[in-house]
Protein chains: 2
Amino acid sequence: MLSPLDPLLHSELRLAVISILIGVESADFVYLKERTGATSGNLSVQIDKLCKAGYIDVEKGFVGRKPRTLCKITEQGRIAFKLYVEALKEYINM
Amino acid sequence: MLSPLDPLLHSELRLAVISILIGVESADFVYLKERTGATSGNLSVQIDKLCKAGYIDVEKGFVGRKPRTLCKITEQGRIAFKLYVEALKEYINM
DNA sequence: TTAATTTGGTTTATTTTATAAACTTGTTTA
DNA sequence: TAAACAAGTTTATAAAATAAACCAAATTAA
């Protein structure tokens, strides 16, 4: 039977965020928003979920006087993504 | 920016159904239920959505005295699946 | 200098989905 | 002939995604 798909990753926006974070050291809220085209509200919620799941680390601080939310994928996130991709491949027959 | 993912296909069960139908001439309700492990109710609903979207053809009939729901992917379904897979690849960096 | 706008978000409300539970109709089987 | 089963459908509930409204601080414009 087909492997189940991690519901935390099987979400367009969360998958996009993880997909971006996989390729970079870290990315901030503004960058993720621009790259994904998401609304702030939606992005905020989804970042929170990924953080609570332990898939990303979120560091809130300031750069100069502006707030900055920095996101970084965790090892757990990398593993979950890898497993998700493997499961997905069963569905798209690759 | 990342391509949007067809919401009709970006659903675990509907994707599983299409994935199975891609590989066979046709498949009936019972077979799909067994292969996906879904409940009847869920499967029924999702088959309906795929049908209404024009991604599959559904033929309800009888074999002997037992009802049989036969599903078959349409050309539109094949195309949608192909596009979905292409879009997905952007996310999983392939 | 103070009023409006922008930036970088968060919170709350709404809509949509997925899923499960309950139900139906006809058919075997005991 | 009553109980159980098969093949679904319908309805109710739970969870998700998304948008809209909001907020605080900083910047810009009048």
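By convention in this document, chain letters (A, B, ...) are assigned in the order of the sequence lines, proteins followed by strands, and residues within each chain are numbered from 1.
Between A/Lys66 and C/dT6 there is no side-chain N or O to OP1 or OP2 distance below 4.0 Å. Considering only side-chain N and O atoms, B/Arg65 lies under 4.0 angstrom from the phosphate OP1 or OP2 of C/dT28. Not one side-chain nitrogen or oxygen of A/Ser40 sits closer than 4.0 Å to the OP1 or OP2 atom of C/dG8.
In this structure, A/Glu59 places its CD atom 12 Å from P of C/dG9, rounding to the nearest Å. Summarising the geometry, the separation between CZ on B/Phe62 and C1' on D/dA6 is reported as 12 Å, rounded to the nearest angstrom. Rounding to whole angstrom units, CD of residue B/Glu34 and C1' of D/dA7 are separated by 14 Å. In this structure, B/Leu9 atom CG and C/dA18 atom P are separated by 11 Å, rounded to whole Å. The interatomic distance linking B/Arg68 (CZ) with C/dT27 (P) rounds to 16 Å, in whole Å. At whole-Å resolution of the value, CD in B/Gln46 and P in C/dT19 are 7 Å apart. Rounded to whole Å, atom P of D/dA16 lies 13 Å from atom NZ of A/Lys52. As rounded to whole Å, 14 Å separates atom C1' of C/dT25 from atom NZ of B/Lys60.
In this structure, B/Gly41 and B/Val30 both approach DNA chain D, and ranking their closest nucleotides by distance from the 5' end singles out B/Val30. Across the interface with DNA chain D, nearest-nucleotide mapping of B/Asp28 and A/Thr39 shows B/Asp28 to be the residue nearer the 5′ end.
Checking side-chain atoms of A/Thr74 against main-chain N and O of A/Tyr55 turns up a donor-acceptor pair under 3.5 Å. Of the possible donor and acceptor atoms, one in the side chain of B/Tyr91 sits under 3.5 Å from a partner among the backbone N and O of B/Ser3.
Nearest to the side-chain atoms of B/Arg14 among the listed nucleotides D/dA19, C/dT17, C/dG9 stands C/dT17. Distance from the side chain of B/Ser44 is smallest for D/dT10 among the nucleotides C/dA18, D/dT10, C/dG8. With C/dT10, C/dT17, D/dT9 as the candidates, the nucleotide lying closest to the side chain of B/Lys49 is C/dT17. In this structure, of C/dG8, C/dT11, C/dA18, it is C/dT11 that holds the atom nearest to the side chain of A/Val45. Of all nucleotides listed (C/dT27, D/dA17, D/dG8), D/dG8 comes nearest to the side chain of B/Phe29.
Residue-level contact check: A/Glu12 touches neither bases nor backbone, having no heavy atom under 4.0 Å from any strand. Residue A/Lys33 is classed as having no contact, given no heavy-atom separation below 4.0 Å to the nucleic acid.
Rounding to the nearest 0.5 angstrom, the gap separating the CD1 atom in B/Ile18 from the SG atom in B/Cys71 is 9.5 Å.
A salt bridge links B/Lys72 with B/Glu25: the distance from a Lys NZ or Arg NE/NH1/NH2 to an Asp or Glu carboxylate oxygen falls below 4.0 Å.
Remark: B/Glu59 CD is loosely packed, at most 12 non-hydrogen atoms of other residues, nucleotides or ligands lying under 6.0 Å away.
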